[in-house]
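These notes are about the structure you will find just below.
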Amino acid sequence: MFEIPAPELAPALLGLWLIRATRDGLAAGVIVETEAYGGVDDRASHARAGRTKRTEPMFGPPGHAYVYLVYGLHSCLNVVSGMDGEAGAVLIRAVAPTIGLALMSARRHRPADADDRLAAGPARLCQALAVDRSLDGHDLTAGRELWLADPEPATRHALLARGVARGPRIGVAYAGPDWAARPWRFGLRDHPALSAPFRP
DNA sequence: ATAGGGATTCTC
DNA sequence: AGAATCCCTATT
């Protein structure tokens, strides 16, 4: 299912489980916001510089993780899309915390935020789920450490019933007006776990 | 070798 | 509005 272009995979990931298992226990949530990044032609994508050490996973097998460090501080998680050898990835921008809330809360070394927002934001979600670059390249379909899983169809249907909102990607003004304007961000409409730019 | 800057978040 | 903070990428 991951061998499709990122702009197609991004909305398809909405409503799926993202599950993290560590020695400390299990933490999991439902993906509510995603963002698509293309290959060498996408001026907003890390792959724009071609195949490099950092972006190697983006060119690798689909369904694996691409985890990078941004601003020297925060990890961000992507699901690699497209065919092996062709770059593409979907940034997971927000997850609705469902299992292991205490664990997620403990990992955030800050005063308790609203539970809904524990994993609202690409860097927040990585902190809440203990995702860092040690998981770069990890197979997200293997069912261990960090993986994706299908929810009950009825559950997912109910979630998607609120509708999918689209909009331009966040923080990519450097890519120029054309690429920055592409509506490649997807989110469950009005969901309380959406990231900061989309909260009221 | 070095400069420039970032797919963010938090605080002032 | 500005800082925090590392490492990637491009250039010299």
Side-chain angles (χ1 to χ4, degrees), chain A residues 5-11 13-14 18 29 31-60 62 64-82 87-95 97 104-138 140 146 165-187 192-200:
Chain A
E8 293 176 31
L9 180 62
L13 292 179
L14 295 175
L18 180 62
I31 296 171
V32 300
E33 185 181 329
T34 59
E35 214 164 64
Y37 287 88
V40 294
D41 54 324
D42 180 359
R43 303 311 295 161
S45 172
H46 288 171
R48 67 187 180 276
R51 196 188 276 250
T52 67
K53 170 107 172 162
R54 177 176 65 150
T55 61
E56 179 61 27
M58 283 191 75
F59 292 81
H64 287 219
Y66 165 49
V67 183
Y68 68 94
L69 190 67
V70 70
Y71 295 115
L73 299 171
H74 310 294
S75 298
C76 292
L77 169 68
N78 292 258
V79 179
V80 174
S81 75
V90 175
L91 174 68
I92 309 302
R93 283 196 56 91
V95 164
M104 293 192 214
S105 189
R107 284 172 176 150
R108 293 188 50 69
H109 300 170
R110 307 209 164 283
D113 203 347
D115 281 353
D116 277 337
R117 301 174 181 176
L118 281 174
R124 280 184 167 199
L125 119 215
C126 283
Q127 189 172 26
L129 297 179
V131 172
D132 61 27
R133 283 179 304 165
S134 67
L135 290 164
D136 194 28
H138 176 76
L140 296 171
L146 176 69
R166 297 182 62 142
R169 295 174 290 183
I170 304 306
V172 296
Y174 60 82
D178 179 34
W179 286 100
R182 296 202 178 208
W184 284 2
R185 186 196 64 86
F186 302 84
L194 289 177
S195 70
F198 307 100
R199 292 206 290 265

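Order of the sequence lines fixes the chain letters, A, B, ..., with proteins taken first and strands second; residue numbering starts at 1 for each chain.
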Open item on the list: Under 4.0 Å, counting only non-hydrogen atoms across every strand here, what does A/Arg43 touch: a base, just sugar-phosphate, or nothing?
Closed with: nothing

Task: Nearest-0.5 Å distance that lies between atom CG in A/Leu18 and atom CD1 in A/Ile92 - done: 7.0 Å

Task: Set of salt bridge (Lys or Arg N to Asp or Glu O under 4.0 Å) partners for A/Arg133, sequence neighbours left out - done: none

Open item on the list: Suppose we call two aromatic rings close when their centres sit under 6.0 Å apart. Are A/Tyr37 and A/His46 close by that rule?
Closed with: no

Distances under 3.5 Å only, N/O to N/O: pair up the protein atoms with those of nucleotides 7-10 of chain B.
unit_1 : atom_1 : unit_2   : atom_2 : d
B/dA7  : OP1    : A/His46  : NE2    : 2.6
B/dA7  : OP2    : A/Tyr174 : OH     : 2.4
B/dA7  : O4'    : A/Tyr37  : OH     : 3.4
B/dA7  : N9     : A/Tyr68  : OH     : 3.4
B/dA7  : N7     : A/His46  : NE2    : 3.0
B/dA7  : N6     : A/His46  : N      : 3.4
B/dA7  : N1     : A/Asn78  : OD1    : 2.7
B/dA7  : N3     : A/Tyr68  : OH     : 3.1
B/dT8  : OP1    : A/Arg93  : NH1    : 3.3
B/dT8  : O2     : A/His74  : NE2    : 2.9
B/dT9  : OP1    : A/Pro122 : N      : 3.2
B/dT9  : OP1    : A/Ala123 : N      : 3.1
B/dT9  : OP1    : A/Arg124 : N      : 3.4
B/dC10 : OP1    : A/Arg108 : NH2    : 2.4
B/dC10 : OP2    : A/Arg124 : NE     : 3.1
B/dC10 : OP2    : A/Arg124 : NH2    : 2.8

TODO: Measure from CG on A/Leu69 to C1' on C/dC7 and round the result to the nearest Å.
DONE: 7 Å

Task: Test log, rule side chain to side chain contact (heavy atoms under 4.5 Å, CB included), inputs A/Leu129 and A/Met104 - done: CA-CA 6 Å; A/Leu129 297 179; A/Met104 293 192 214; 4.0 Å; yes

TODO: Please report the shortest heavy-atom distance between A/Ala120 and A/Ala193, naming the atom on each side.
DONE: CB-O, 3.3 Å

Open item on the list: My understanding is that only residues two or more places apart in sequence, or in another chain, count here; which of them pass side-chain contact (heavy atoms from CB on, under 4.5 Å) with A/Asp136?
Closed with: A/Pro57, A/Tyr66, A/Val67

Open item on the list: Working to the nearest 0.5 angstrom, can you tell me the gap between A/Glu33 CD and A/Ile170 CD1?
Closed with: 7.5 Å

TODO: Can you tell me which stems involve DNA chain C, if a stem is defined as three or more consecutive Watson-Crick or G-U wobble pairs, both distances under 3.5 Å?
DONE: B:1-6 with C:6-11, B:8-11 with C:1-4

Task: A/Arg117 backbone acceptor or donor facing A/Arg124 side chain under 3.5 Å - done: yes

- [ ] Please list all pairs passing the side-chain hydrogen bond (donor to acceptor under 3.5 Å, both in side chains) test where one or both residues lie in residues 176-187 of chain A, with sequence neighbours left out.
- [x] none

Please write out each protein N/O paired with an N/O of nucleotides 1-4 of chain B under 3.5 Å, distance rounded to 0.1 Å.
none

- [ ] Tell me yes or no: between the side chains of A/Gln127 and A/Arg107, is some donor less than 3.5 Å from an acceptor?
- [x] no

